[in-house]
Asker: 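Pasting a structure here, questions to come.
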There are 2 protein chains.
Amino acid sequence: MTKKKPTILDVAQLANVSRTTVSRYLNQNYSKMSLATKLTIEQAIKQLNYQVNQSARALKTNRTHLIGLVMADVTNFYASLVFKGVADLFSSFNYQIIMLNSNEDALQEQKNISQLLQFQVDGLLIQPVTKNTPYYESITIPTVFIDRPLASSHLAQVVTDNYLKSQELAQKVVTFGYHQFIILHQKNSNSARDLRIQAINDVALQNNIKTTIFYTDDDLQHLLKLLIQSPKTAIFVLKGPDVLKTLAFFHAHNFNIPNNIGMATFDDWNWTNFTFPKIEKIQQDPTKIGFIAAKLLHQNITSPRLNSNSHIIVPSVLITGNSLK
Amino acid sequence: MTKKKPTILDVAQLANVSRTTVSRYLNQNYSKMSLATKLTIEQAIKQLNYQVNQSARALKTNRTHLIGLVMADVTNFYASLVFKGVADLFSSFNYQIIMLNSNEDALQEQKNISQLLQFQVDGLLIQPVTKNTPYYESITIPTVFIDRPLASSHLAQVVTDNYLKSQELAQKVVTFGYHQFIILHQKNSNSARDLRIQAINDVALQNNIKTTIFYTDDDLQHLLKLLIQSPKTAIFVLKGPDVLKTLAFFHAHNFNIPNNIGMATFDDWNWTNFTFPKIEKIQQDPTKIGFIAAKLLHQNITSPRLNSNSHIIVPSVLITGNSLK
DNA sequence: CTGAAAGCGCTAACAC
DNA sequence: GTGTTAGCGCTTTCAG
């Protein structure tokens with residue numbers, strides 16, 4: 001327990017070779033090494049239960065094999081799914097992921113990034129909480145932004161097709177003949193959500209449909225006023241978990257979907273797979289977004305300046321439900 | 001971009017002091033330092049935008065300020081919540097969390113642990129996928145196990161009161177006069193789940209109630225046979241997300257809860273907050289478990305051999321619903 | 001109050 | 001095919 005960890009020197013001495021040779025073994029430079037020494041070293045390592053010290057290696061090679069993942073809100077299920085994708089990609093290259101929580105706070109995000117830079121991470125994956133591109137552009141290590149589009153074209157980013165798919169969804173809703181749209185979301189805003197709202201609004205305008213924005217943070221009771229004695233209404237719920245909440249609320253107040261109200265939503269996960277009725281939705285694949293972002297980052301780390309400012313759109317899918325009528 | 005990062009030496013030269021003095025500044029050893037030099041150094045650091053190199057510091061001090069978090073399944077919402085608790089605690093001590101996914105696979109878990117040891121993490125938090133205590137006991141750095149109880153008393157662990165609370169829940173269900181229990185869970189087993197099942201079984205036995213175990217992995221259709229023309233039945237759903245699935249299924253087959261069937265569940269999150277009806281449940285607090293485990297680990301890191309083998313039980317709460325009748 | 005210098009464990013020229 | 005050696009950036013005695 002208290003005895004020191006074996007170093008490369010211990011292995012070298014036990015195997016009767018030099019540190020260099022052991023180092024070569026560790027880095028798989030077997031090319032110029034007799035099978036005999038290779039086996040001796042292998043044996044010595046096993047015997048001592050030797051493990052390379054990544055700190056030392058990092059100091060020498062200037063590569064930590066650490067990736068920083070800065071998520072806007074880790075308690076959001078979106079974060080787990082992105083993490084999975086990122087971890088899946090990087091685990092095959094023996095990189096480890098340090099995840100931090102910005103908690104939707106810009107200051108915390110900057111602290112997180114600064115911390116990660118001290119740890120000399122080889123790359124950064126950021127779900128940005130702000131649109132503060134000057135700060136983001138000042139980051140000098142390979143970085144890929146996730147989920148929330150940023151205006152600057154200098155910054156590599158992997159996002160989904162928010163505007164177009166939302167437009168498509170809204171247009172489909174229109175075909176059902178709704179005369180009023182209600183958009184339900186949380187006050188806290190971000191660029192991805194803004195694009196969705198904008199698309200819905202644009203479609204509404206083109207079709208002379210009245211749109212009201214409503215915050216789930218507020219008491220849903222207020223919503224009732226909007227619904228009673230109003231024209232045929234469709235509700236867009238911008239966050240998966242809010243669907244459950246809203247459904248329960250409607251159920252309690254004897255509103256039926258799709259008979260009294262139409263509903264459509266955006267789903268990062270399978271929230272609506274088990275609801276009644278099935279909700280018309282746009283489904284995105286956060287794990288895929290994470291995986292692709294990680295892949296891009298890995299490229300930017302291993303061969304810099306190649307696609308370092310790619311913008312990748314991971315398409316989402318429109319899934320039919322029976323929540324419109 | 002390509003220019004080298006400033007080192008402590010650059011700061012020292014700019015501030016006209018020695019590396020030692022800068023190092024003292026960095027480590028807040030202000031006690032024996034003139035205010036003048038302190039300010040000069042502060043200024044130089046700002047000017048160069050200097051950041052300490054943690055790899056170098058780690059090599060020297062033998063402390064990485066890295067914590068390894070090995071979770072059985074990161075796509076499970078439980079993992080996010082635990083992570084939050086762990087991150088909340090350790091962020092105040094400037095430790096970073098490296099999270100890895102064992103994917104419910106023992107081999108993967110061992111690889112993960114081995115990787116983390118190479119990175120010289122200062123401590124380990126493990127949600128174990130096996131009961132392989134010999135291997136776990138061979139780990140020589142501070143380690144705390146989470147969620148799934150391990151037999152060995154040598155190992156520090158933070159878990160919830162699975163057996164007792166499950167017993168309490170089952171006993172409550174019994175008072176409603178159910179004559180049959182069905183336990184719904186996933187085939188994949190672990191010690192925490194086993195304890196819950198055992199408690200329910202024990203209560204059933206004591207009350208001459210027939211219990212059937214049913215896997216959600218299988219087609220739920222089979223479940224119907226068990227329900228039609230059978231005595232008054234209560235269903236225990238062992239995983240929050242499965243509640244949605246099961247409710248939707250019952251709804252589709254015109255079974256009403258609580259009129260036709262009773263239901264009780266275990267909830268890591270607010271899965272059942274928005275269901276109809278509200279489900280009788282045991283609610284645990286994974287974030288709290290993570291926080292407490294992290295606290296214990298931090299203690300074990302900073303003052304070893306004090307509580308290094310504590311067993312902490314974080315109580316869960318029985319929450320009344322209207323799913324029993 | 002400050003500095004000189006050794007050394008943490010490893011890698012990579014360069015030598016042989 | 002293998003070894004010598006310098007040095008990555010930092011902390012820490014020890015000396016002044």
Side-chain angles (χ1 to χ4, degrees), chain A residues 2-42 44-45 48-66 94 117-122 141, chain B residues 2-42 44-45 48-66 94 117-122 141:
Chain A
T2 22
K3 69 164 172 277
K4 274 189 58 207
K5 283 188 182 165
T7 77
I8 208 173
L9 189 59
D10 298 321
V11 177
Q13 284 169 349
L14 184 59
N16 254 314
V17 293
S18 75
R19 277 134 79 203
T20 313
T21 310
V22 178
S23 173
R24 287 204 184 94
Y25 172 87
L26 293 173
N27 294 285
Q28 274 125 56
N29 292 334
Y30 303 138
S31 53
K32 311 188 163 190
M33 187 181 302
S34 73
L35 186 62
T37 42
K38 184 176 164 183
L39 291 176
T40 332
I41 292 172
E42 191 172 317
I45 286 177
L48 293 172
N49 192 21
Y50 167 78
Q51 317 238 47
V52 270
N53 182 326
Q54 292 286 358
S55 298
R57 183 179 268 180
L59 183 57
K60 185 66 191 175
T61 62
N62 223 8
R63 278 301 188 88
T64 53
H65 274 236
L66 248 29
N94 277 320
L117 292 175
Q118 295 202 0
F119 275 89
Q120 316 290 120
V121 295
D122 291 343
I141 66 169
Chain B
T2 22
K3 69 165 175 275
K4 276 188 57 209
K5 283 187 183 166
T7 76
I8 207 172
L9 189 59
D10 299 321
V11 177
Q13 284 169 348
L14 184 59
N16 256 313
V17 293
S18 75
R19 277 133 79 202
T20 314
T21 309
V22 178
S23 174
R24 286 204 185 96
Y25 172 87
L26 293 174
N27 294 286
Q28 274 124 57
N29 292 332
Y30 304 136
S31 52
K32 310 188 164 189
M33 187 181 304
S34 73
L35 186 61
T37 41
K38 185 177 164 183
L39 290 176
T40 332
I41 292 172
E42 191 172 317
I45 287 178
L48 293 172
N49 192 23
Y50 167 79
Q51 317 240 48
V52 269
N53 182 327
Q54 291 286 357
S55 298
R57 181 178 271 180
L59 182 57
K60 186 66 192 176
T61 61
N62 223 8
R63 279 301 188 87
T64 54
H65 272 237
L66 249 28
N94 276 320
L117 292 176
Q118 296 202 359
F119 275 89
Q120 318 289 118
V121 294
D122 291 342
I141 65 169

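What's counted below: heavy atoms across the whole structure, side chains too, no hydrogens, waters or symmetry copies. Every chain is numbered from 1 and lettered A, B, ... according to where its sequence line falls, protein lines coming before strand lines.
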Asker: Could you tell me whether B:T20 contacts a base, only the sugar-phosphate backbone, or nothing, with contacts defined as non-hydrogen atoms closer than 4.0 Å?
Answerer: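 Base contact.
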Asker: Would the number of heavy atoms belonging to other residues, nucleotides or ligands and lying under 6.0 Å from CG of A:N62 be above 12?
Answerer: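 Counting neighbours around CG of A:N62, 12 or fewer heavy atoms of other residues, nucleotides or ligands fall under 6.0 Å, so no.
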Asker: Looking across every strand, which nucleic acid part, if any, lies under 4.0 Å from A:S55 by heavy atom: base, sugar-phosphate, or nothing?
Answerer: nothing
Asker: Please tell me which of B:R24 and A:S34 maps to the more 5' nucleotide of DNA chain D, matching each residue to the nucleotide holding its nearest heavy atom.
Answerer: A:S34
Asker: Need one value for B:T7: base, sugar-phosphate or nothing, where a base atom within 4.0 Å counts as base even if backbone is also close, heavy atoms only.
Answerer: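 Sugar-phosphate contact only - B:T7 comes under 4.0 Å of backbone atoms but never of a base.
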Asker: Using whole Å, what does the distance between atom C1' of nucleotide C:dA5 and atom CD1 of B:I8 come to?
Answerer: 14 Å
Asker: Quick one: do B:L66 and A:F119 satisfy side chain to side chain contact (heavy atoms under 4.5 Å, CB included)? Show the steps, please.
Answerer: CA-CA 10 Å; B:L66 249 28; A:F119 275 89; 3.3 Å; yes
Asker: Does the B:S23 side chain pair with the main chain of B:R19, one donor and one acceptor, at a distance under 3.5 Å?
Answerer: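 Not confirmed, B:S23 side chain does not pair with B:R19 backbone.
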Asker: Assign A:S31 to base, sugar-phosphate, or nothing according to its heavy-atom contacts below 4.0 angstrom with the strands shown.
Answerer: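 Sugar-phosphate contact only - A:S31 comes under 4.0 Å of backbone atoms but never of a base.
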Asker: Counting the atoms with a prime plus P, OP1 and OP2 as sugar-phosphate, which does A:N27 contact under 4.0 Å by heavy atoms, base, sugar-phosphate, or nothing?
Answerer: sugar-phosphate
Asker: Rounded to the Å, how far apart are A:R19 CZ and D:dC8 C1'?
Answerer: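 A:R19 atom CZ is separated from D:dC8 atom C1' by 14 Å.
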Asker: Which whole-number value in Å describes the distance from A:M33 CE to C:dT11 P?
Answerer: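 Going from A:M33 (CE) to C:dT11 (P), I get 12 Å.
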Asker: For a quick test of reading the model, state the closest non-hydrogen atom pair linking A:T64 to A:Q120 and the distance between them.
Answerer: OG1-O, 2.7 Å
Asker: By nearest atom, which of the nucleotides C:dT11, C:dC8, D:dG3 is closest to the B:L59 side chain?
Answerer: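 The listed nucleotide nearest to B:L59's side chain is C:dC8.
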Asker: Heavy atoms under 4.0 Å, any strand shown: does B:Y50 hit a base, just sugar-phosphate, or nothing?
Answerer: sugar-phosphate
